[in-house]
Peer 1: 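One structure coming up, written as structure tokens, with questions to follow.
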Amino acid sequence: MNNIIEVKNISYQYPSSETKALDNLSLSIAKGEWVAIIGHNGSGKSTLAKLLNYLLVADEGEIIVDGQVVNEANMWQVRNKIGMVFQNPENQFVGATVADDVAFGLENRGIDRAEMLKLVPAALKEVQMDAFADREPTHLSGGQKQRVALAGIIAVAPKIIILDEATAMLDPKGRQEVIAAIRKLKHQLGAELTVLSITHDIDEAADADRIIVINDGQMVDEGTPAEIFSVGPRLLELGLDVPFAEQLKAALRQLNVPVPTEYLDEERLVTWLWQLNSKM
């Protein structure tokens with residue numbers, strides 16, 4: 001398998017902490033894969049995101065991104081391959097207008113102005129924010145701000161997008177907007193884009209090809225969304241949410257209603273409930 005990210009026996013401990021944020025963690029992500037990393041607050045998932053982009057330096061172990069070891073010598077080459085959307089959209093804006101902000105990353109890469117005039121509108125259109133090009137970012141909603149941040153990443157066309165709790169501070173509508181934009185982009189680019197979603201939002205994780213569960217700096221489980229969500233009680237023990245469909249199945253089980261053992265999303269669960277009702 002062609003891995004674009006390899007994490008090998010990584011450990012990291014914050015200077016002010018008595019325990020390791022990451023403890024001998026190893027994992028790999030294939031080119032073109034969409035992987036969600038979930039875990040409770042403080043589990044180490046956001047620390048991992050910062051190590052991948054060399055915002056933090058690992059105490060032990062090695063990280064390889066697209067064939068390059070993540071270190072001081074390769075820092076800028078690695079960062080050019082990765083686009084990050086952080087939790088707080090307020091901290092990401094540097095331009096006076098939406099268009100200026102999207103253009104910022106292109107300017108840093110020395111892109112010709114004529115080319116920028118093509119790339120900026122195209123990137124904003126991808127996230128349905130082209131009508132807001134001349135607006136001040138401060139006047140946008142949270143979801144709109146995150147979509148603009150995403151447009152800035154789309155414009156520079158990285159190989160990897162990391163969403164570091166990018167929907168955590170958004171209302172449900174804002175979350176849906178951002179997830180829909182990522183879903184659309186991934187559908188268009190396919191294997192040319194790798195998405196790493198650091199999240200505790202179950203809806204965001206459900207779109208992934210694979211979910212990795214981290215607890216206290218170590219990987220404790222991995223599998224498809226269906227495989228991970230089907231063990232609802234285990235997720236609750238780890239301080240994570242459980243999809244509504246699994247919560248409903250658990251409630252029915254308490255009422256001695258036989259329910260499917262496999263994972264069902266809400267649509268499939270509704271279908272199963274209709275079939276069950278027709279038999280009664």
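Residue numbers run from 1 in the order of the sequence given. Predicted model, so just to flag it, every value in this text is computed and none were measured.
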Peer 1: With a 4.5 Å limit on heavy-atom distance, are the side chains of Pro121 and Asp130 in contact?
Peer 2: no
Peer 1: Is there a path of hydrophobic side-chain contacts, each under 4.5 Å between heavy atoms of I, L, V, M, F, W or Y residues, that connects Met169 with Leu150?
Peer 2: no
Peer 1: Begin from the C-alpha positions of Leu140 and Phe132 and carry the test side chain to side chain contact (heavy atoms under 4.5 Å, CB included) through to its verdict.
Peer 2: CA-CA 9 Å; Leu140 302 177; Phe132 296 81; 3.8 Å; yes
Peer 1: State whether the number of non-hydrogen atoms from other residues, nucleotides or ligands found under 6.0 Å of Lys184 atom NZ is greater than 12.
Peer 2: yes
Peer 1: At what distance, to the nearest 0.5 angstrom, does CG of Asn3 lie from CD1 of Ile64?
Peer 2: 9.5 Å
Peer 1: Quick one: closest heavy-atom pair of Pro260 and Arg253, and the distance?
Peer 2: O-NH2, 4.4 Å
Peer 1: Kindly write out the residues that satisfy salt bridge (charged side-chain N to carboxylate O under 4.0 Å, His left out) with Arg210, not counting sequence neighbours, or none if the list is empty.
Peer 2: Glu33, Glu222
Peer 1: Does any N or O in the side chain of Lys186 come within less than 3.5 Å of the main-chain N or O of Gly190, such that one atom is a donor and the other an acceptor?
Peer 2: yes
Peer 1: Treating Ile, Leu, Val, Met, Phe, Trp and Tyr as nodes and any side-chain heavy-atom pair under 4.5 angstrom as an edge, say whether Met116 and Val98 lie in one connected cluster.
Peer 2: yes
Peer 1: With the side chain counted from C-beta on, respond yes when Val78 and Tyr54 share a heavy-atom pair under 4.5 Å apart, and no when they do not.
Peer 2: no
Peer 1: How far does CZ of Arg147 sit from CG of Leu124, to the nearest 0.5 angstrom?
Peer 2: 10.5 Å
Peer 1: If every non-hydrogen atom of Gly83 is compared with every non-hydrogen atom of Pro158, which pair is closest and at what distance?
Peer 2: N-CB, 3.7 Å
Peer 1: Please report the C-alpha distance between Phe229 and Ile211 in whole Å, then the side-chain angles of each, then the deciding distance to 0.1 Å, and finally whether the side chain to side chain contact (heavy atoms under 4.5 Å, CB included) criterion is met.
Peer 2: CA-CA 10 Å; Phe229 293 156; Ile211 293 176; 3.7 Å; yes
Peer 1: If you draw a 6.0 Å radius around CZ in Arg109, do more than 12 non-hydrogen atoms from other residues or ligands fall strictly inside?
Peer 2: yes
Peer 1: Quick one: does any side-chain atom of Gln144 pair with a main-chain N or O of Ser141 as donor and acceptor, under 3.5 Å?
Peer 2: yes
Peer 1: For the residue pair Ala21 and Thr47, what are the closest heavy atoms and their distance?
Peer 2: CB-OG1, 3.9 Å
Peer 1: So do the side chains of Gln87 and Asp164 get within less than 4.5 Å of each other, counting heavy atoms only?
Peer 2: no
Peer 1: Output all residues satisfying salt bridge (charged side-chain N to carboxylate O under 4.0 Å, His left out) with Asp59, sequence neighbours left out; order by chain, then residue number.
Peer 2: none
Peer 1: With no hydrogens and no angle check, is any side-chain donor or acceptor of Lys45 less than 3.5 Å from a backbone partner on Thr199?
Peer 2: no
Peer 1: Can you confirm whether Gln254 is buried at CD, in the sense that more than 12 heavy atoms of other residues, nucleotides or ligands lie under 6.0 Å from that atom?
Peer 2: no
Peer 1: What are the two closest heavy atoms between Glu165 and Ser46, and how far apart are they?
Peer 2: CG-OG, 4.1 Å
Peer 1: I'd like to know if the side chain of Asn74 and the backbone of Val69 have a donor-acceptor N/O pair within less than 3.5 Å.
Peer 2: yes
Peer 1: If you round to the nearest 0.5 Å, how far is CD1 of Ile228 from CD1 of Ile38?
Peer 2: 6.5 Å
Peer 1: Quick one: does Glu115's side chain have a donor or acceptor within less than 3.5 Å of a partner on Asp112's backbone?
Peer 2: no
Peer 1: Hey, does Ile29 have a side-chain heavy atom less than 4.5 Å from the side chain of Ile160?
Peer 2: no
Peer 1: Find out whether Val85 and Gln146 are in side-chain contact, i.e. whether some heavy atom of one side chain is under 4.5 Å from a heavy atom of the other.
Peer 2: yes
Peer 1: Between CG of Leu193 and CD1 of Ile153, what distance do you get to the nearest 0.5 Å?
Peer 2: 10.0 Å
Peer 1: Determine, using the 4.5 Å side-chain heavy-atom cutoff (strictly less than), whether Val178 and Leu189 are members of one ILVMFWY cluster.
Peer 2: no
Peer 1: For side chain to side chain contact (heavy atoms under 4.5 Å, CB included), just list the numbers for Asp216 and Asp23, CA-CA rounded to whole Å, side-chain angles, deciding distance to a tenth of an Å, and then say yes or no.
Peer 2: CA-CA 8 Å; Asp216 295 335; Asp23 187 4; over 6 Å; no
Peer 1: Do Asn53 side-chain atoms and Leu55 backbone N/O form a donor-acceptor pair below 3.5 Å?
Peer 2: no
Peer 1: Does any non-hydrogen side-chain atom of Leu52 lie less than 4.5 Å from one of Leu196?
Peer 2: yes
Peer 1: Is the backbone N or O of Glu6 less than 3.5 Å from a side-chain atom of Ser28, with the two atoms forming a donor-acceptor pair by type?
Peer 2: no
Peer 1: Would you confirm whether Thr97, through its side chain, and Asp100, through its main-chain N or O, come within 3.5 Å as a donor-acceptor pair?
Peer 2: yes
Peer 1: Other residues, nucleotides and ligands only: do more than 12 of their heavy atoms fall within 6.0 Å of CG on Asp134?
Peer 2: no
Peer 1: Taking all non-hydrogen atoms of both residues into account, name the closest pair between Pro225 and Ala206 and its distance.
Peer 2: CG-O, 3.8 Å
Peer 1: If you count every heavy atom of other residues, nucleotides or ligands that lies below 6.0 Å from Tyr14 atom OH, does the total exceed 12?
Peer 2: yes
Peer 1: Could I get the full list of salt bridge (charged side-chain N to carboxylate O under 4.0 Å, His left out) partners for Asp66, not counting sequence neighbours?
Peer 2: Lys81, Lys159
Peer 1: Do Val259 and Trp272 have side chains that get closer than 4.5 Å, going by heavy atoms?
Peer 2: yes
Peer 1: Side chain to side chain contact (heavy atoms under 4.5 Å, CB included), that's the test. Do Leu273 and Leu248 meet it? Break it down for me.
Peer 2: CA-CA 11 Å; Leu273 287 170; Leu248 183 55; 4.1 Å; yes
Peer 1: Would you give the length of the straight line joining atom NZ of Lys50 to atom CE of Met84, rounded to the nearest 0.5 angstrom?
Peer 2: 6.5 Å
Peer 1: Let me confirm one number: the CG-CD1 distance from Leu238 to Ile214, rounded to the nearest 0.5 Å.
Peer 2: 11.5 Å
Peer 1: For the residue pair Ala49 and Ile198, what are the closest heavy atoms and their distance?
Peer 2: CB-CG1, 4.0 Å
Peer 1: Using modelled atom types and a 3.5 Å cut-off, is there a donor and acceptor pairing between side-chain atoms of Ser26 and backbone atoms of Asn9?
Peer 2: yes
Peer 1: For the pair Gln176 (side chain) and Ala180 (backbone), establish whether a donor and an acceptor sit closer than 3.5 Å, ignoring hydrogens and angles.
Peer 2: no
Peer 1: Are Ile179 and Phe86 connected into the same hydrophobic cluster when the rule is that any two of I, L, V, M, F, W, Y join if their side-chain heavy atoms are below 4.5 Å apart?
Peer 2: no
Peer 1: What about Val70 and Leu25, same hydrophobic cluster or not, with Ile/Leu/Val/Met/Phe/Trp/Tyr joined at side-chain heavy-atom distances under 4.5 Å?
Peer 2: yes
Peer 1: Evaluate the side-chain proximity of Ile161 to Leu185: yes if any heavy-atom separation is below 4.5 Å, no if none is.
Peer 2: yes
Peer 1: So with a 6.0 Å cut-off around CD of Glu126, is the heavy-atom count from everything else above 12?
Peer 2: yes
